[in-house]
Amino acid sequence: MTLRRLVDFDKVYFAVGEPLAVKLNPTARLPAYLIHYHFSQELHALRPKKPYYVSSGQLTHQHTPEELLAAKRLLCVVNFPRKQIGKTMSDCLSTGMLDHLEADGDKKREGTVAVGIVVPMNGNFESFVAAIPPGSRVHVDGRQETVPGEIERDLSWDTFAEFDIRAGNVVDGAQALVDFGQGPLACECAMSLNGYEGKQVLGVINLDGGPRIMSVGRAAVIGPLKAVPAGFRLA
């Protein structure tokens with residue numbers, strides 16, 4: 001496993017977007033949804049004639065449109081170059097958890113699960129998610145910020161893939177012990193994981209200094225919308 005520096009993780013603009021509309025992408029070569037997102041006002045101000053971002057996400061096997069809309073916040077990457085998918089120009093990547101060891105591409109896509117906000121055991125979903133502004137960036141160091149208006153769309157897939165981001169089960173919230181499929185690991189987290197025991201969160205496991213849990217500031221952690229095997233990787 002190649003270790004990566006925390007400063008390099010900043011090259012990836014992870015952000016939570018609010019899904020506004022979800023429908024099938026009729027011109028995509030592979031089954032996919034067209035998802036319209038709201039992010040920060042600063043980001044949308046650059047394109048006033050199109051006040052939302054569009055993403056083509058291969059999430060049709062695991063989620064209905066209603067499920068994705070009900071999630072309220074989905075994890076995206078907003079600094080890839082825009083990409084033509086069918087007749088649609090995709091503005092951002094809708095992320096998902098998948099079995100990276102699965103050799104069959106169809107099975108890999110069919111098992112892909114979307115990523116959103118994880119609510120603690122006693123938390124109220126509606127109020128909890130409403131406190132997270134669309135466009136909030138997702139870090140591993142507790143910074144609270146939104147996506148700025150000016151971003152360089154120069155992220156390559158190779159750079160993105162350098163970071164080993166996996167789903168893990170919270171074993172002990174007080175000690176931030178998370179099992180990514182090979183036993184509990186002590187992780188750094190910008191917020192307390194008390195109350196998240198049994199929940200799944202995302203961790204960057206190949207950062208210099210040890211694994212870190214991804215979060216929106218110190219307000220919320222990120223995880224798959226439905227349970228996946230520990231060790232599933234973000235893509």
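Note that this is a predicted model, so its numbers are computed, not measured.
A donor-acceptor pair is defined here as one N or O able to donate and one able to accept, closer than 3.5 Å; such a pair exists between the side chain of S40 and the backbone of V147. A donor-acceptor contact shorter than 3.5 Å links the side chain of T27 to the backbone of K87. Distance alone, capped at 3.5 Å, places no donor-acceptor pair between the R73 side chain and the V16 backbone. Between the side chain of S136 and the main chain of T146, no donor-acceptor pair closer than 3.5 Å is present. With hydrogens and angles disregarded, a donor-acceptor distance shorter than 3.5 Å links the side chain of N194 to the backbone of A174. Between the E102 side chain and the H100 main chain, no donor and acceptor come within less than 3.5 Å of each other. For the pair K72 (side chain) and A130 (backbone), a donor-acceptor distance under 3.5 Å is absent. A donor-acceptor contact shorter than 3.5 Å links the side chain of T95 to the backbone of L75. Side chain of S90 to backbone of C92: a donor-acceptor contact under 3.5 angstrom is found.
For the salt bridge (Lys or Arg N to Asp or Glu O under 4.0 Å) test, residues two or more places apart in sequence or in another chain that qualify with D141 are R143. Scored by the ring pair (Phe, Tyr, Trp, His ring centres under 6.0 Å) test, Y53 finds F39, H44 as partners (sequence neighbours excluded).
Judged by a 6.0 Å distance limit and a 45° cone about the ring axis, R137 is positioned over the six-membered ring of Y13.
For Q182, the CD atom counts as loosely surrounded, since its 6.0 Å shell holds 12 or fewer non-hydrogen atoms of other residues, nucleotides or ligands. Other residues, nucleotides and ligands contribute only 12 or fewer heavy atoms inside 6.0 Å of the NZ atom of K83. Residue-environment remark: NZ (K50) exceeds the threshold of 12 foreign heavy atoms within 6.0 Å.
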Sequence neighbours excluded and cut-off under 3.5 Å, please list the side-chain donor-acceptor pairs for residues 212-220, or say none.
residue : atom : partner : partner atom : Å
S215    : OG   : G217    : O            : 2.7
R218    : NE   : A190    : O            : 3.3
R218    : NH1  : G142    : O            : 3.3

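Side-chain rings of Y52 and H36 approach one another, their centers coming within less than 6.0 Å.
Taking 4.0 Å as the cut-off between side-chain N and carboxylate O, R5 and D208 do not count as a salt-bridged pair. Ion pairing between R233 and D164 holds under the 4.0 Å rule for side-chain N and carboxylate O.
To the nearest 0.5 Å, atoms CD1 (I85) and CG (N25) are separated by 7.5 Å.
No side-chain donor from either of Q144 and H139 sits under 3.5 Å from a side-chain acceptor of the other.
When each of V204, L155, V138 is tested with V12 by the rule side-chain contact (heavy atoms from CB on, under 4.5 Å), just one qualifies, namely L155.
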